[in-house]
Protein chains: 2
Amino acid sequence: MASLDRSLIAGLGPFDSLTPEALDQVLARARSARYAKDSSVFEENAEAHSFFLLLDGRIRVVRTTPHGDQVIARYIGDGELFGIAAAIGRTTYPATAMCAVDCVVLAWPTEAWADLAARFPSFAGSTFRTIGNRLQETQSRVVEMATEQVGQRVALAVLRLVRQAGRKTPEGLEIDFPISRQDIAEMTGTTLHTVSRLLSAWEDEGIVKSARQKITVIDPHRLMVISEHRAGA
Amino acid sequence: MASLDRSLIAGLGPFDSLTPEALDQVLARARSARYAKDSSVFEENAEAHSFFLLLDGRIRVVRTTPHGDQVIARYIGDGELFGIAAAIGRTTYPATAMCAVDCVVLAWPTEAWADLAARFPSFAGSTFRTIGNRLQETQSRVVEMATEQVGQRVALAVLRLVRQAGRKTPEGLEIDFPISRQDIAEMTGTTLHTVSRLLSAWEDEGIVKSARQKITVIDPHRLMVISEHRAGA
DNA sequence: GCCCGGGTTTGCGCTAGCGCAAATCCCGGA
DNA sequence: TCCGGGATTTGCGCTAGCGCAAACCCGGGC
């Protein structure tokens, strides 16, 4: 494992405003690793030996119920920390991290966290802000699940994905990683059948365009309308 | 506002293992306040001027949707910090804190947080652990809402309440604060009608006993069975 | 170029649970 | 003690969306 170049992480959220020397110190304790698409970085309930930063790729964070149902907690994008719930008290990962595409990550041993946090307060702050944001966002999802119906939830999920991972194309905004109907279903608490029906309907209306593992939003505005209004035409 | 006695908070989670002097310093920046049942300690979207510790009572944390639906995020019990998402980056409260009964709270100005956290690392740690726990728990609720059906969700909610606020009575375990069918509905994403029907059915089977704003669990074991098994007899 | 397998679409029937409405109950105040 | 209003219960009809099943489509490996 070669020595890591600080340009990898300079300017990324968690390491914002660290001096070059500080960056080197932070990197000194990290190792980098590649994971192939569909491999997991860590598994639910496994002992939390490391925490991670995603350098490149896209990671799906999944929980599995005792019944075997899967629920996607969130997608992680470039520059985001993940596996950090572990850094805060937890000794075990609460979910599985699956690579939606080939990924490059940095990993720090869990023990390093307290030390880094103490030495670089802005790093600690950023971590906590991240966790705070996720709590916030997760609570919004609870509210959604409790009050909106499937159509609205799916619309919201697609909009969120586009915002997080939208790539501009001539057609519209395309989600830049492969995502199946099943995935959307697991994000919104419904079935792939229902998602498929909804996307088909929206495609007929020219709101989205979808293909195998691919979704492009043509008319975000009308999708927002769907996500807000109860019932639909 | 008289000076506060450190015995109020000695030994409480967040202030565990602080020296008497440290406790005094922490208390020096707090003020205590009483809130009547059904009054709010803070409102959603209001500016986060303070964070709080509940000394006595029970607080319902509620979010309201643009459509006017309410969702109960959680209940806060004695000795718990609340309104702290604000202490971590947020400048505004993400939810409303309503008193389910008369409450006594300690309040610190938001500005004091960074200072206290820096001076008393164990306080900071405890806060973060609390937030971590809540993230965890909130995610579990997302999973529940996505995969279980109402009967199971309501059973889980009741069990959780009993665990958190159960008082032993000759009848069984009684939830020690007034809680309506509507409240349970807002915790589980259903309607008061459905909750009422479920409780009635369970009462017929001798699993729970319920009255106006009151629920007593007679047979926790059978309730757990309901919460785990799909479909029911 | 052909075949295989996973992703997707679509039809169909069914039911969990919502929405509405009405009756009842019960606590607390006058 | 009587009364008003919120909490609860219960009936009834309806539909959103699930579950099952079958067909289809398409990309990649051989």
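The figures that follow rest on heavy atoms only: side chains count, while hydrogens, waters and symmetry mates do not. In what follows, chains are A, B, ... by sequence order, proteins preceding strands, each numbered from 1. Predicted model, so just to flag it, every value in this text is computed and none were measured.
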| For the student: nearest non-hydrogen atoms of A85(A) and R90(A), plus distance | O-CG, 3.2 Å
| Salt-bridge present (E144(A), R160(A); N to O < 4.0 Å) | yes
| field | Where chain B begins and ends its contact with DNA chain C, read 5' to 3' at 4.0 Å from heavy atoms | value | dA16(C) to dC27(C)
| field | Aromatic plane relationship, W108(A) with F51(A) - under 30° parallel, 30 to 60° tilted, over 60° perpendicular | value | parallel
| Going by atom types alone, do E80(A) and T130(A) pair a side-chain donor with an acceptor below 3.5 Å? | no
| With R34(A) via side-chain hydrogen bond (donor to acceptor under 3.5 Å, both in side chains) - residues at least two apart | none
| query | By a strict heavy-atom criterion of less than 4.0 Å, which residues belonging to residues 180-190 of chain B are in contact with DNA chain D? | reply | S180(B), R181(B)
| said: Using modelled atom types and a 3.5 Å cut-off, is there a donor and acceptor pairing between side-chain atoms of E174(A) and backbone atoms of I215(A)? | reply: no
| request: Examine the side chains of R141(B) and T138(A) and answer whether a donor and an acceptor come within less than 3.5 Å of each other. | output: no
| task | Heavy atoms under 4.0 Å is the rule here; annotate nucleotides 24-30 of chain D 5' to 3' with B where the base is hit, S where only the sugar-phosphate is, and - elsewhere. | result | -------
| message | Using side-chain heavy atoms (C-beta onward) and a distance below 4.5 Å, is V105(B) in contact with L53(B)? | response | no
| remark: Tightest non-hydrogen contact, residues D183(B) and I72(B), listed as O-CD1, 3.5 Å
| said: Less than 4.5 Å apart, side chain to side chain, heavy atoms only: is that true for F177(B) and I59(B)? | reply: no
Donor-acceptor contacts, no H, no angles, side chain residues 192-201 of chain B, under 3.5 Å, sequence neighbours left out:
{"residue": "T194(B)", "atom": "OG1", "partner": "T191(B)", "partner atom": "OG1", "Å": "3.2"}
{"residue": "S200(B)", "atom": "OG", "partner": "S196(B)", "partner atom": "O", "Å": "2.9"}

| request: Nearest whole angstrom, please: distance from the C1' of dT8(D) to the NZ of K209(B). | output: 14 Å
| Between the axis at one end of the helix from dG1(C)-dC30(D) to dA30(C)-dT1(D) and the axis at the other (five pairs apiece), what's the angle to 10 degrees? | 40°
| task | Provide, to the nearest angstrom, the distance between the NZ atom belonging to K37(B) and the P atom belonging to dG6(D). | result | 14 Å
| request: Taking atom types as modelled, find out whether S140(A) and R63(B) have a side-chain donor-acceptor pair closer than 3.5 angstrom. | output: yes
| said: Closer than 3.5 angstrom, by distance alone: can the side chain of R60(B) be matched with the main-chain N or O of M98(B) as a donor-acceptor pair? | reply: no
